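Below you'll find the structure, written out as structure tokens, and then a few comments.
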Amino acid sequence: MAAPGDAGGGGAVPGPGPERPPPGDLRSVLITSVLNLERLDLDLFRGRHHWVPATQRLFGGQIVGQALVAAARAVSRAEQVHSLHCYFVRAGDPKVPVLYQVERTRTGKSFSVRSVKAIQHGQPIFTCQVSFQLTQESPVQHQFTMPAVPPPEELLTQEELIQKFLQDPNLAERYRKHLNKIQAEDVPIDIKPVNPPDVYCLEPQEPKQLFWVRARGYIGETDMKVHCCVAAYISDYAFLGTALLPHRLYRIKFMVSLDHSMWFHAPFRADHWMLYECESPWAGGCRGLVQGRLWRRDGVLAVTCTQEGVIRVEQTPNQSKL
């Protein structure tokens with residue numbers, strides 16, 4: 001993928017010097033395919049699909065990431081995204097491409113706003129407002145403290161955990177089918193859950209989860225907007241599911257995102273491990289609210305996310321068969 005601004009830009013994470021991809025390392029598919037848009041006209045783009053969830057609806061993170069790519073191509077190289085606010089208004093059809101129409105809402109001296117509409121079958125399926133800012137220094141700075149967790153090198157990947165659970169002869173068959181379904185997904189993200197259970201089960205738990213995440217493959221130092229687009233894709237994976245953790249005895253009938261917001265605070269590398277801290281402060285009225293923070297390994301808060309979604313379940317909880 002060319003730099004989203006069509007011109008590259010500043011904002012790269014500080015490092016010891018130019019970095020080269022490891023020998024034989026493949027470029028991230030998130031750059032070469034998933035978030036790579038075809039320009040049809042000025043401010044009009046077409047995106048295709050890579051991974052489609054079992055629901056056969058388009059993955060929301062892909063739509064957000066592609067919309068941000070489209071918006072970023074309509075600003076200067078020097079401007080960096082600092083926030084986006086999205087609404088999912090119709091279910092996406094995985095059988096046809098998505099058109100992204102960008103409106104140059106405002107271009108100011110410090111801030112610029114771009115509006116993006118994602119269209120399928122002649123109707124909008126998604127709308128998004130993205131705000132960009134020229135870099136400005138300020139003495140007013142603070143942030144929360146990053147949670148203390150084991151480093152990713154000490155943890156198993158999601159794939160390794162699934163293999164471990166599947167080797168359990170006492171694993172219930174419905175859990176085995178669920179894990180096999182997850183295992184078959186071709187998601188271009190590396191994930192390492194923090195504090196995973198020793199035995200797989202669907203017992204209720206606190207609506208909080210922590211996991212290390214990064215893009216699969218190499219991206220390198222480039223326009224910071226590229227890493228923000230990848231982070232937008234990553235941020236939606238397993239995010240809304242945080243609201244279901246206390247209610248895992250219920251069978252899900254329908255779950256879909258309603259809106260998604262992100263604020264970008266500091267430069268980061270989306271192909272480096274980041275800690276994704278997710279929590280759900282509230283659920284009710286067939287909706288759930290989730291909040292997330294993406295931390296760099298050095299403790300810098302890089303991104304904040306918020307999402308609300310529709311959650312409908314069977315009224316009677318399932319009885320555990322373990």
Side-chain angles (χ1 to χ4, degrees), residues 30 35 51 53 59-68 81-88 126 128-131 142-152 155 158 187-196 205-216 224 227-248 255-284 287-311:
L30 286 165
L35 298 177
W51 171 65
F59 174 48
Q62 177 179 288
I63 302 300
V64 177
Q66 289 183 344
L68 183 52
V81 57
H82 74 87
S83 70
L84 60 83
H85 303 274
C86 316
Y87 280 95
F88 298 91
F126 168 93
C128 183
Q129 296 274 352
V130 187
S131 184
H142 73 268
Q143 67 163 57
F144 283 178
T145 301
M146 177 178 169
V149 299
L155 300 171
Q158 179 171 274
V187 183
I189 308 171
D190 289 326
I191 302 168
K192 290 193 173 187
V194 176
N195 298 322
Q205 63 187 72
E206 189 179 11
K208 294 183 179 182
Q209 57 180 339
L210 291 159
F211 42 94
W212 291 99
V213 293
R214 68 179 179 186
R216 186 166 290 165
M224 188 58 221
H227 290 282
C228 290
C229 293
V230 174
Y233 181 98
I234 292 173
S235 69
D236 192 42
Y237 186 75
F239 193 28
L240 187 56
T242 310
L244 279 171
L245 294 178
H247 315 287
R248 299 172 82 182
M255 185 170 73
V256 66
S257 303
L258 288 171
D259 57 23
H260 191 87
S261 296
M262 300 181 72
W263 294 264
F264 300 90
H265 312 306
F268 61 91
R269 283 276 298 269
D271 55 348
H272 287 179
W273 286 114
M274 291 193 293
L275 181 68
Y276 200 10
E277 178 188 13
C278 305
E279 59 186 2
S280 174
W282 176 88
R287 303 191 316 278
L289 180 69
V290 289
Q291 300 169 339
R293 288 181 282 273
L294 277 167
W295 299 89
R296 289 189 343 207
R297 289 192 63 160
D298 60 1
V300 171
L301 179 59
V303 186
T304 298
C305 314
T306 303
Q307 184 179 107
E308 189 176 46
V310 175
I311 300 175

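Predicted model, so just to flag it, every value in this text is computed and none were measured.
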Non-hydrogen side-chain atoms of P267 and H227 separated by less than 4.5 Å: no

Please tabulate, for the side chains in residues 237-248, all donor-acceptor contacts under 3.5 angstrom to protein atoms that are two or more places apart in sequence or on a different chain.
{"residue": "T242", "atom": "OG1", "partner": "Q209", "partner atom": "NE2", "Å": "2.8"}
{"residue": "T242", "atom": "OG1", "partner": "F239", "partner atom": "O", "Å": "2.8"}
{"residue": "R248", "atom": "NH1", "partner": "Q205", "partner atom": "OE1", "Å": "2.7"}

Whether W212 side chain and D190 backbone form a donor-acceptor pair below 3.5 Å: no

Approximate separation, where rounding is to 0.5 Å, of L258 CG and Q307 CD: 8.5 Å

Distance-minimising heavy-atom pair for P281 and E279: CD-O, 3.7 Å

Shortest non-hydrogen contact between P152 and K192, atoms and distance: O-NZ, 2.9 Å

Within-4.5 Å side-chain heavy-atom neighbours: V300 and F268: no

Of V230, V130, L35, the residue whose pairing with L68 passes side-chain contact (heavy atoms from CB on, under 4.5 Å): V130

Interatomic distance, R269 atom CZ to M224 atom CE [nearest 0.5 angstrom]: 10.0 Å

Working for side-chain contact (heavy atoms from CB on, under 4.5 Å), residues V194 and L275: CA-CA 9 Å; V194 176; L275 181 68; 4.1 Å; yes

Contact summary for F88 and V64, nearest pair of heavy atoms: CZ-CG2, 3.8 Å

Atom pair CG/SG of D236 and C86 - distance to nearest 0.5 Å: 9.5 Å

Separation between OH of Y87 and OG of S261, rounded to the nearest 0.5 Å: 7.0 Å

Minimal non-hydrogen separation, M146 against G299, with atom names: SD-CA, 3.5 Å

Aromatic contact, H85 with W263 (centres under 6.0 Å): yes

Minimum side-chain heavy-atom gap L155-P193 below 4.5 Å: no

Beyond-backbone contact of M262 with C228, side-chain heavy atoms, under 4.5 angstrom: no

Stepwise side-chain contact (heavy atoms from CB on, under 4.5 Å) test for W282 and E308: CA-CA 10 Å; W282 176 88; E308 189 176 46; 3.8 Å; yes

Side chain to side chain contact (heavy atoms under 4.5 Å, CB included) involving E277 - partner list, sequence neighbours excluded: P147, L210, R293, W295

Contacts of type side chain to side chain contact (heavy atoms under 4.5 Å, CB included), residue N195, not counting sequence neighbours: none

Carboxylate-amine/guanidinium contact R214 D271, below 4.0 Å: no

Rounded distance [0.5 Å steps], CZ in F264 versus CG in L294: 9.0 Å

Side chain proximity check, V290 to C278, heavy atoms < 4.5 angstrom: no

Nearest heavy-atom neighbours spanning H260 and S235: NE2-OG, 3.0 Å

Rounded distance (nearest 0.5 Å) linking atom SG of C229 with atom CD of Q62: 12.5 Å

